[in-house]
Amino acid sequence: MNPVADKTKTDPCISRLRCIGCGAIVDHADQDFRCSNCGDLFEIFYPGWTGSAGTRVAEHDAASLKKSWLERKSSFLPADTSGVWRFREMLPTLNPGHKPITLREGNTPLYELPGCARAAGVDTLLAKHQGMNPTASFKDTGMTTAASFARQEGFHWVACASTGNTSASMAAYAARGGMRSLVLIPEGKISWGKLSQSLDFGAVTCQLRTDFDGCVKVLNEVVKRMPVYLLNSVNPYRLEGQKTAAIELLEQLAWQTPDHMIVPGGNLGNSSALGKALLEMRDLGLIARLPKLSVIQAEGANPFVRSIREHGGKTLTPVEADTFATAIRIGNPASWKKALRVIEATAGTVEQVSEIEIASAKAEIGADGVGCEPASAVTLAGLKKLVRQGFVKPGESTVLILTGHGLKDPEFTLKFHRGDLFQGTADERESARLNPFRHPPVVLDASLDAVIRTLEQAEKSDPTPSNV
Ligand code: F0G
């Protein structure tokens with residue numbers, strides 16, 4: 001591996017990097033994507049968007065943007081069939097001659113969840129399923145942009161620390177883009193499904209004997225010593241791609257803003273990205289008002305909730321994180337300041353939910369015929385609490401962001417239905433109230449009678465499907 005040459009000359013300067021701490025503006029960040037003045041994170045901004053009259057965009061006319069984004073839906077060009085690059089006017093531009101690395105990410109469905117709406121006590125409820133991406137999580141929308149910039153900068157190696165989804169996504173995009181990838185994951189703390197993806201896509205996969213936060217620490221040292229491109233969500237090019245989920249959502253809603261959007265919070269990159277998109281869409285005149293963006297964490301991995309409740313968001317004290325929702329088992333979230341800004345700007349809130357609440361919410365989403373991973377189910381669990389508190393009114397419209405596919409973590413689902421998820425934990429007794437949600441498999445003799453008896457028993461105990 002050769003040391004990486006200075007890449008500043010190749011930057012297009014259409015977008016620039018601004019430090020969220022001291023406001024320093026640069027065109028090229030160090031390999032750890034931290035400001036060399038103050039150590040804070042960078043965000044991407046677009047100087048060309050701001051006309052002299054204020055925030056209103058100079059060149060982008062909202063109506064013509066909406067029109068050309070829709071027109072691209074009937075095009076077969078790779079950049080148009082990507083649900084990320086279709087919105088390329090909202091993204092940094094690659095230099096001429098550089099093509100995006102794309103797996104046709106984005107283009108994810110918006111589902112109604114009638115049973116979940118009833119369970120939460122709201123009239124209607126929608127879910128934008130980002131688990132329907134090529135590697136089955138929302139990470140692909142950010143990976144297509146950041147991996148493309150990594151390749152443009154001439155890197156041969158990309159790297160991330162991960163709870164499993166970032167690594168699966170990064171490995172796939174690196175492979176597609178002809179780059180090698182290095183994955184650092186906490187040993188024994190990620191689902192097998194996610195681990196298997198990074199193996200399949202050829203990553204050098206290191207299971208470190210630590211947690212996610214420990215993996216981040218090691219990786220930060222690695223990127224300072226070796227010419228590897230950091231693809232964690234401190235990389236602002238990731239967040240630009242992840243913004244497009246909110247743009248696509250608003251397009252699916254005919255640009256009518258919902259009252260609430262609810263997102264799981266781990267490292268807090270995704271909430272920051274979605275919030276950035278909302279503010280930019282408002283500033284560009286694409287939407288007339290903002291939804292309230294709220295972030296839900298697991299009780300066992302709640303540093304952001306605690307920061308806001310105990311310190312008014314002024315500081316964040318890392319916690320030792322533990323939750324069955326391993327995707328968000330994060331104690332020291334990198335993007336908490338960015339997330340705080342968008343929650344405040346959209347008048348959203350934060351909430352935390354217990355392991356039992358997560359498990360029942362996941363089963364309820366499943367009962368609507370939609371699979372998601374436990375980390376995604378925190379959104380419904382959180383919504384229920386926000387409705388009880390009066391923050392979300394029954395007649396208001398809400399969109400849950402489901403971040404990962406149901407098949408990402410089948411072990412959780414199997415344990416839940418077999419009844420041993422909470423065995424030996426402090427929640428074991430209370431978990432009995434989840435029994436009505438459980439559908440364990442039954443082992444029978446291969447006889448007609450046995451099957452008919454089982455069918456009749458099932459009809460007696462649960463006669464009406466909940467959604468008809
Ligand atoms: N949901 C899922 C399924 C995730 O994989 C993650 C994060 C989150 C929610 C939280 O998003 O970190 O942007 O606040 N997973 C990362 C990973 C950390 O390594 O795969 P966030």
Side-chain angles (χ1 to χ4, degrees), residues 41 127-133 135-143 146 159-172 183-186 189-191 193-195 197-198 203 205 208 211-213 215-216 219 230-236 238-239 241-243 245 262-276 293-298 301-305 321 323-340 342-343 350 353 358 362 365 371-380 382 400-409 412:
L41 298 180
K128 172 102 174 125
H129 205 329
Q130 293 299 96
M132 307 299 268
N133 266 293
T135 74
S137 86
F138 71 97
K139 307 288 182 179
D140 296 339
T141 55
M143 211 52 79
C160 73
S162 180
T163 57
N165 278 327
T166 301
S167 44
S169 180
M170 177 189 77
V183 161
L184 303 189
I185 45 173
K189 296 294 185 329
I190 77 163
S191 79
K194 298 173 189 176
L195 174 60
Q197 287 179 290
S198 77
T205 304
L208 302 192
D211 55 11
F212 169 80
D213 302 293
C215 290
V216 170
L219 185 63
L230 181 62
L231 276 177
N232 275 93
S233 56
V234 294
N235 180 325
R238 281 261 318 271
L239 301 197
Q242 285 176 212
K243 279 186 339 192
I262 302 190
V263 197
N267 215 15
L268 296 170
N270 201 33
S271 35
S272 305
L274 298 172
K276 185 172 192 275
L293 182 72
S294 296
V295 174
I296 315 296
Q297 293 199 299
N302 63 353
F304 190 49
V305 175
T323 169
F324 283 138
T326 51
I328 50 173
R329 194 173 180 276
I330 294 173
N332 190 14
S335 294
W336 70 273
K337 288 184 192 165
K338 289 185 179 179
L340 178 68
V342 298
I343 286 172
V350 288
V353 291
I358 295 171
K362 180 169 145 44
I365 295 169
C372 70
E373 63 172 289
S376 307
V378 302
T379 53
L380 176 62
L400 308 181
I401 306 296
L402 301 182
T403 44
H405 196 280
L407 290 176
K408 281 282 192 175
D409 195 354
F412 177 100

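No experiment lies behind these values; they were computed from the predicted model shown. Order of appearance sets the numbers: ligands from 1, and atoms from 1 within every ligand.
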*Looking at atom 16 (C) of ligand 1, what's its closest protein heavy atom, distance included?*
Lys139 NZ, 2.8 Å

*Has ligand 1 got any nitrogen or oxygen that is less than 3.5 angstrom from a nitrogen or oxygen of Ser167?*
no

*Where on Lys408 is there a heavy atom closer than 4.0 Å to ligand 1, on the side chain, on the backbone, on both, or on neither?*
neither

*asked:* Side chain or backbone, does Ser271 bring an N or O within less than 3.5 Å of an N or O on ligand 1?
replied: no

*Backbone or side chain, does any N or O of Thr403 fall under 3.5 Å from an N or O of ligand 1?*
yes

*asked:* For ligand 1, which is the ligand I care about here, please tell me if Ser376 has any N or O atom under 3.5 Å from one of the ligand's N or O atoms.
replied: no

*asked:* List ligand 1 atoms under 4.0 Å from Glu373, heavy atoms only on the residue side.
replied: 3 (C)

*What's the shortest distance from atom 13 (O) of ligand 1 to any protein heavy atom, and which residue and atom give it?*
Asn270 N, 2.8 Å

_Donor-acceptor under 3.5 Å (Asp409 side chain, Ser191 main chain)_ = no

*Using a 4.0 Å heavy-atom threshold (strictly under), name the region of Ala375 that reaches ligand 1: side chain, backbone, both or neither.*
side chain

_Could you check whether any side-chain N or O of Asp213 sits under 3.5 Å from a backbone N or O of Gly331, counting only pairs where one atom can act as donor and the other as acceptor?_
yes

*Nearest protein heavy-atom contact for atom 5 (O) of ligand 1: which residue, which atom, what distance?*
Asn165 ND2, 2.8 Å

*Is a side-chain donor or acceptor of Asn235 paired with a backbone partner of Leu230 at a separation under 3.5 angstrom?*
yes

_For atom 11 (O) of ligand 1, what is the closest protein heavy atom, and at what distance to 0.1 Å?_
Phe138 CZ, 3.5 Å

*Just by distance, with hydrogens left out, do Asn270 and Gln242 show a side-chain donor and acceptor under 3.5 Å apart?*
yes

*side chain to side chain contact (heavy atoms under 4.5 Å, CB included) between Leu268 and Phe304, worked out*: CA-CA 9 Å; Leu268 296 170; Phe304 190 49; 3.5 Å; yes

*asked:* Taking Ile262's backbone N and O only, do any of them form a donor-acceptor pair with Thr379's side chain (distance below 3.5 Å, no angle check)?
replied: no

*Should you measure from each heavy atom of Leu268, which atoms of ligand 1 turn up under 4.0 Å away?*
12 (O), 13 (O), 14 (O), 21 (P)

*Before giving the answer on side chain to side chain contact (heavy atoms under 4.5 Å, CB included), spell out for Glu373 and His405 the whole-Å C-alpha distance, their side-chain angles and the decisive distance to 0.1 Å.*
CA-CA 6 Å; Glu373 63 172 289; His405 196 280; over 6 Å; no

*How does Ile328 reach ligand 1, if at all, at less than 4.0 Å between non-hydrogen atoms: by side chain, backbone, both, or neither?*
side chain

*Where ligand 1 meets Ser162 - atom numbers and elements under 4.0 angstrom, heavy-atom basis*: 17 (C), 19 (O), 20 (O)

*Could you walk me through whether Gln197 and Lys408 pass the side chain to side chain contact (heavy atoms under 4.5 Å, CB included) check?*
CA-CA 10 Å; Gln197 287 179 290; Lys408 281 282 192 175; 2.6 Å; yes

*For Gly269, atoms of ligand 1 separated by under 4.0 Å from a heavy atom*: 13 (O), 14 (O), 21 (P)

_I'd like to know whether ligand 1 has Gly265 as a neighbour, heavy-atom separation below 4.0 Å._
yes

*Per-residue contact class, Ile330 against ligand 1 - non-hydrogen pairs under 4.0 Å*: side chain

*For atom 20 (O) of ligand 1, what is the nearest protein heavy atom, given as residue, atom name and distance?*
Thr166 N, 2.8 Å

*If only atom types and distance count, is the side chain of Asp140 paired as donor or acceptor with the main-chain N or O of Ser169 below 3.5 Å?*
no

*Would you say Ser167's side chain and Gly164's backbone share a donor-acceptor pair under 3.5 angstrom?*
yes

*Tell me: protein heavy atom nearest atom 12 (O) of ligand 1, and distance?*
Asn267 N, 2.7 Å

*For the pair Arg329 (side chain) and Ala301 (backbone), establish whether a donor and an acceptor sit closer than 3.5 Å, ignoring hydrogens and angles.*
no

*Name all residues meeting the ring-ring contact (aromatic ring centres under 6.0 Å, His included) criterion together with Phe324; count only those two or more places apart in sequence or in a different chain, and write none if there are none.*
Phe422

*Polar contact flag for Phe212 and ligand 1 (N/O pairs, less than 3.5 Å)*: no

